[in-house]
Amino acid sequence: MNKRKSKCLLKRIELSKIRKKVKRSKKYNTWRKYRNRNINKLKKENRAVEIKRLNIKDKHKHFVTVKAPRNCLVNENTEEYIEFINKIENVLSCRKKVFLQMKDIENIDYGSIVILLSTLIKFKENGIDFNGQLPKDNKLKEIMINSNFFKHLKNKKTDEIIQDKYNISIDGIKTHSGKTVDSVLSARIIENISKKIWGTKRELKSVQRILIELMHNTNNHAAIGATGTQHWWLSTKYMEQENKVCFAFLDLGVGIFENLNQKIDKKTKMLFKDIFSDIFIKNRNNEILEGIMKRQFQKTSTNQPFRGKGLPSIAKVVERKKVSNLLIITNDVIGKVSDDKYLSLKGSFKGTYVYWEVGVNNDKRIKKSI
Amino acid sequence: MTKELKKVFNIAKEFSKYPGPRYKEEGSYSGQELREDFLLNVVENSIMGKKQLLIDLDGTRGYGTSFLEEVFGGLIRENNIDLEEFKKYITFKSDEEDYLIEDIEEYMDDANNENSKK
């Protein structure tokens with residue numbers, strides 16, 4: 001009896017598939033007639049362009065379009081750019097396909113490219129399709145095309161979809177990624193960038209310290225309740241005219257304050273009101289970040305007093321002028337550490353982004369090469 | 001008059017030029033690995049044998065704060081090394097980053113204070 005039932009069921013499924021196929025082809029044929037009727041009204045020269053446009057539109061019918069801001073500059077146009085990234089993240093959380101409308105971009109900095117790249121890698125890791133339109137501006141188009149940006153993302157080999165480490169070179173921008181603290185990699189990166197700036201390899205222990213601290217923080221705190229699960233991304237670009245190297249470090253975890261909030265809930269804050277000062281209770285995150293950088297708060301999200309020294313040590317590196325223009329963007333705060341300014345953002349960035357520069361003036365020692 | 005020969009433990013030569021994270025599971029060349037597998041024996045022998053030991057911090061590519069805290073704060077916190085005895089027989093050398101010694105002393109003092117509270 002069971003064999004007969006299953007045979008009947010299979011037949012029914014096959015029939016419904018055939019019916020759906022016929023229906024789809026009928027639908028397609030009606031659409032094609034409509035399209036051709038409108039195209040035949042156009043001049044011959046314009047017909048091919050119109051067909052292409054309609055085909056693209058139809059191909060991306062099930063994609064959610066997200067338009068990029070004109071100035072994709074995460075350092076200068078932070079609010080707008082974060083809003084753009086958050087929209088992409090929202091599409092990802094709904095497990096829908098995304099189409100990036102980038103044709104009207106006028107400016108893009110490499111920190112923004114790295115954030116975009118690491119966001120799109122998440123789509124790839126989740127097996128969700130994405131696509132986009134290149135900028136109209138030829139210079140920007142060239143940067144995107146000549147790089148391996150889209151090439152890398154288009155790679156369909158399943159073995160390469162989810163990796164622990166990435167090494168990508170984009171038009172002079174070198175990007176590395178990992179999940180653990182890789183002190184050997186950071187030392188190699190420093191050797192390479194110092195060669196660009198000073199002509200010889202140098203040890204930059206302060207920069208090494210910053211990199212170790214940031215990788216450590218990502219490993220320990222980027223995910224709630226788990227360690228070593230989130231990627232960190234480190235990107236460097238040599239700016240030849242200014243003879244300096246720009247660093248962009250990024251993780252797309254929960255961000256510093258989301259992490260703190262998860263571990264220190266409201267009840268605990270109210271119970272220990274004296275210890276957690278007023279700013280913790282009112283969630284003035286920009287003041288909290290300032291306090292953390294200046295070592296005004298000893299406790300950390302781990303509640304272990306011997307920890308929480310990473311961010312203050314980064315602030316000390318800035319104080320000693322071993323790096324320049326250091327800024328941190330996390331959740332709803334932008335901390336311009338070099339300028340001693342800590343500001344609130346209207347939007348919220350899910351993750352932690354740190355940017356800094358190293359130039360000739362950051363290491364004035366006359367030293368032999370290593 | 002003969003000078004007492006100090007034993008020297010150079011972290012870059014005896015362990016690694018690339019000190020890494022705090023714990024072993026976080027990456028290679030961790031502070032936990034240095035403390036448990038290399039330094040603890042050397043420190044204990046120095047204290048028990050009443051011999052001077054110099055820990056040389058130079059020659060590496062740079063230290064993270066968590067690494068240093070785990071090594072030296074950890075000796076006090078996890079291995080219950082007596083801080084006074086440690087200071088009697090063990091000294092530091094750091095010509096490349098002179099502020100490291102002050103930081104390490106702070107970590108060890110904090111670890112000692114935490115232990116005394118328990």
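A note on names: the letters A, B, ... follow the listed sequences, proteins ahead of strands, and every chain is numbered from 1.
Among the candidates B/Ala111, B/Gly73, B/Ser66, B/Gly74, the residue making the largest number of heavy-atom pairs closer than 4.5 Å to chain A is B/Ser66. Of the listed residues B/Pro21, B/Gly27, B/Gly64, the one with more heavy-atom pairs under 4.5 angstrom with chain A than any other is B/Pro21.
At a 4.5 Å heavy-atom cutoff, B/Ser16 makes no contact with chain A through either its backbone or its side chain. Contact of B/Glu97 with chain A is made through the side chain alone, with heavy-atom distances under 4.5 Å.
Between A/Ile190 and A/Asn192 the shortest side-chain heavy-atom distance does not fall below 4.5 Å. By the 4.5 Å heavy-atom criterion applied to side chains, B/Pro19 and B/Tyr63 are counted as neighbours.
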Checklist entry - Where do A/Thr352 and A/Ile329 land on the side-chain contact (heavy atoms from CB on, under 4.5 Å) test, with the steps shown first? => result CA-CA 6 Å; A/Thr352 306; A/Ile329 300 173; over 6 Å; no
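Aromatic ring centres of B/Phe92 and B/Phe9: separated by at least 6.0 Å.
Side-chain contact of B/Asp103 with B/Thr65: a donor-acceptor pair under 3.5 Å is absent, judged by distance alone.
Listed in order of number, the residues of residues 33-44 of chain B that approach chain A to under 4.5 Å between heavy atoms amount to none.
The ring pair (Phe, Tyr, Trp, His ring centres under 6.0 Å) test applied to A/Phe247 returns A/Trp356, not counting sequence neighbours.
A cation-pi arrangement is absent between A/Arg209 and B/Phe67 under the rule of less than 6.0 angstrom and at most 45 degrees off the ring axis.
Under a 4.0 Å N-O distance rule, the pair B/Glu84/B/Lys87 does not qualify as a salt bridge.
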